[in-house]
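Let me begin by presenting the structure, written as structure tokens, before commenting on it.
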Amino acid sequence: MTIRSTFEKLEVVFGVLTLLLSTESFIMLIPHAFRQLFWLSVYCVTAALLIGRWKTFLDVAGRAKLLWLLLGIIFISVTWSDSPSTTIRQFVALTGTTLFGVYLSVRYTLREQLRLLGWVFGIAVVLSFVFAIALPSYGLQNGQSWQGIYHHKNLLGRIMVLSIIVFVLNAQVKQPRRWIHWVGAGLSVVLLLFSNSKTSLALFLLLVVLLWTYRILRLYYKLAVPVLSVALLTAGGVFITAIAQAESIVGAAGKDLTFSGRTDLWSLAIPKIQNRFWLGHGYGGFWRGWSGESADIWFLEPWLPKHSHNGYIDLWLDLGFIGILIFTLGMLLVLYRATLWVSLTRTPEYLLPLAFLNFVLLYNLTESVWLLQNTLFWIFYVTTVCNRLEPGKERVPRIPDAFAGSWSDKALR
């Protein structure tokens, strides 16, 4: 029992450390070669842990057929890639990252995953304060905006948005010392504000509204339909108003209608999609600096972008229409399942998948974090795809008998 307990603790340390570095922390301190060695070690340890649980692994992996199909497309894209060596190298790293995401689903329940993330973000929050206050040469960007243990203020901002969600959900779980999670949420808000990341702040405010809206799904269905309708109409009115007043709104935020040059970049990147519409340029094959077709964009954009700052454009550039179609189908299925979980459960951890999916869907509108190896966003997307509703967690659905057949056990799990 002692050996087993020690091994389980080491597994937790392994999971927390890997997830912490997957948030892209300490990039300015850890040499690139060491990070590569660390991730190679993670892939090997993950493979060993999955082999030890191979039956559960096969069961969990069987629920992610579209995910494996997408990885298959990525692998064979080496045959048409503009840079086959880049595609192979990044495919290996993405596969290892994917396996770690599957491992989290195999090893931990959703509540345990929430607790694990609480440790990760707790460490990130504390160390970000330490770096910003005690080591300002690392923790501050240009001596003003906080970046903490990250290499850019916007990265700190987006990580803190996820941190707030995790801490708030953890605080709603019945457990001792829940106040610690509320403190963590409050400190995360402070870091978000000090980062001066306006995009992350806007995303946080939107997710607060969405988290409240999700609870409508847990109402008696006769109330849920009208309340959700009012919420959608209100959101539609706000959206239309924002479009009508776009110039004044973005101006107040210190931006312009090009969103810091993003729309100009998109107008240059989208025509490149037409050149390889169906299959793309191969995974990792387009953005190669002065090599290949990305050089045409670098000639016109003096800030030399490394990606299009839009995850959907980059996905299409890499894998074409076929790739983005498979990815979209997989995303719609996991969104459908996550929505069912919210409506059929009462526990806070089942809000996490839907909240996370909304976060990455919105964030990829202005940044590119789809299919990125060694990142928390892809790891937890894979985990979300592979998670299942635990037996006994669902409550009896309050829906008309005419629709009862659509709420099948297979769809839920």
Side-chain angles (χ1 to χ4, degrees), residues 1-26 30 34-64 67-68 92-127 149 162-163 166-167 169-170 173-178 180-181 184 347 349-350 352-353 356 373-393 413:
M1 290 298 293
T2 302
I3 294 175
R4 182 174 181 177
S5 177
T6 301
F7 181 77
E8 290 175 350
K9 290 178 181 178
L10 288 175
E11 271 196 279
V12 171
V13 172
F14 168 68
V16 169
L17 180 60
T18 301
L19 287 172
L20 181 62
L21 289 185
S22 74
T23 64
E24 300 180 62
S25 57
F26 306 112
I30 302 176
F34 182 82
R35 293 183 74 92
Q36 286 186 314
L37 180 61
F38 170 81
W39 283 108
L40 182 60
S41 301
V42 168
Y43 306 153
C44 294
V45 172
T46 300
L49 292 171
L50 286 176
I51 290 173
R53 301 180 174 93
W54 65 272
K55 289 184 178 179
T56 309
F57 167 69
L58 292 178
D59 178 56
V60 170
R63 295 195 294 271
L67 179 64
W68 304 120
V92 171
L94 184 67
T95 301
T97 307
T98 301
L99 289 177
F100 181 77
V102 177
Y103 159 73
L104 290 181
S105 179
V106 168
R107 174 63 179 82
Y108 300 104
T109 65
L110 190 50
R111 178 165 292 189
E112 289 170 338
Q113 292 167 26
L114 185 62
R115 190 179 303 129
L116 204 67
L117 289 172
W119 277 102
V120 171
F121 291 125
I123 295 170
V125 166
V126 171
L127 290 182
I149 59 176
L162 282 176
S163 179
V166 167
F167 279 125
L169 293 180
N170 265 311
V173 176
K174 294 181 180 180
Q175 58 183 315
R177 297 184 294 275
R178 291 165 60 186
I180 294 177
H181 298 290
T347 51
E349 65 267 21
Y350 283 97
L352 179 61
F356 172 77
Q373 60 273 18
N374 305 336
T375 62
L376 176 66
F377 305 102
W378 184 249
I379 288 173
F380 205 71
Y381 173 73
V382 172
T383 303
T384 302
V385 170
C386 294
N387 278 335
R388 60 180 175 180
L389 184 67
E390 297 170 59
K393 290 291 185 179
R413 302 185 190 281

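Along the sequence shown, residues carry numbers from 1.
Between atom CG of residue Leu99 and atom CG of residue Leu94 there is a gap of 9.5 Å, rounded to the nearest 0.5 Å. The distance from atom CG of Leu169 to atom CZ of Arg111, rounded to the nearest 0.5 Å, is 11.0 Å. Atom CG of residue Leu110 and atom OG1 of residue Thr347 lie 7.5 Å apart, to the nearest 0.5 angstrom. Taking CZ of Arg115 as the reference point, atom CD of Glu349 lies at 9.5 Å (rounded to 0.5 Å). Interatomic distance, CZ of Phe38 versus CG of Leu17, reported as 4.0 Å (0.5 Å rounding). Between the CG atom in Leu376 and the CG atom in Leu117 there is a gap of 6.5 Å [rounded to 0.5 Å].
Screening residues 94-122 for ring pair (Phe, Tyr, Trp, His ring centres under 6.0 Å), with sequence neighbours left out, gives Phe14-Phe100, Phe100-Tyr103. The side-chain hydrogen bond (donor to acceptor under 3.5 Å, both in side chains) analysis of residues 39-48, with sequence neighbours excluded, yields the pairs Tyr43-Asn374.
Scored by the side chain to side chain donor-acceptor pair (under 3.5 Å) test, Ser105 finds Asn387 as partners (sequence neighbours excluded). The salt bridge (Lys or Arg N to Asp or Glu O under 4.0 Å) search around Arg53 returns Glu11, not counting sequence neighbours. Residues passing the side chain to side chain donor-acceptor pair (under 3.5 Å) test with Trp378, sequence neighbours excluded: Thr98. With sequence neighbours left out, Thr23 forms a side chain to side chain donor-acceptor pair (under 3.5 Å) with Tyr150.
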**Study point:** Step-by-step side chain to side chain contact (heavy atoms under 4.5 Å, CB included) determination, Arg107 to Gln113
**Key:** CA-CA 9 Å; Arg107 174 63 179 82; Gln113 292 167 26; over 6 Å; no

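When atom types are taken as modelled, the side chain of Ser25 and the backbone of Leu20 share a donor-acceptor pair closer than 3.5 angstrom.
When all heavy atoms are compared, the tightest approach of Val60 to Cys386 is CG1-CB, 3.4 Å. Closest heavy-atom contact between Ser163 and Val125: OG-CG2, 3.8 Å. His181 approaches Gln175 most closely through the heavy-atom pair NE2-NE2, 3.6 Å.
Other residues, nucleotides and ligands contribute over 12 non-hydrogen atoms within 6.0 Å of the CH2 atom of Trp68.
When side chains are defined from C-beta on, Val120 does not count as touching Val166, because their heavy atoms never get closer than 4.5 Å. Within the 4.5 Å cutoff, no side-chain heavy atoms of Thr375 are placed close to those of Thr97. Two residues are said to be in side-chain contact when any heavy atoms from C-beta on lie closer than 4.5 Å; Arg63 and Asp59 meet this criterion. Ile30 places a side-chain heavy atom less than 4.5 Å from the side chain of Leu21. Taking 4.5 Å as the limit, some side-chain heavy atom of Leu19 sits within range of a side-chain heavy atom of Ser22. Side-chain contact between Phe167 and Ile180: absent, with no pair of heavy atoms (C-beta onward) separated by less than 4.5 Å. For the pair Leu104/Leu116, a side-chain contact is recorded, criterion being any heavy-atom separation below 4.5 Å from C-beta on. Between Val173 and Arg178 the shortest side-chain heavy-atom distance does not fall below 4.5 Å.
Aromatic ring orientation, Phe380 versus Phe356: perpendicular (interplanar angle above 60°, classes split at 30° and 60°).
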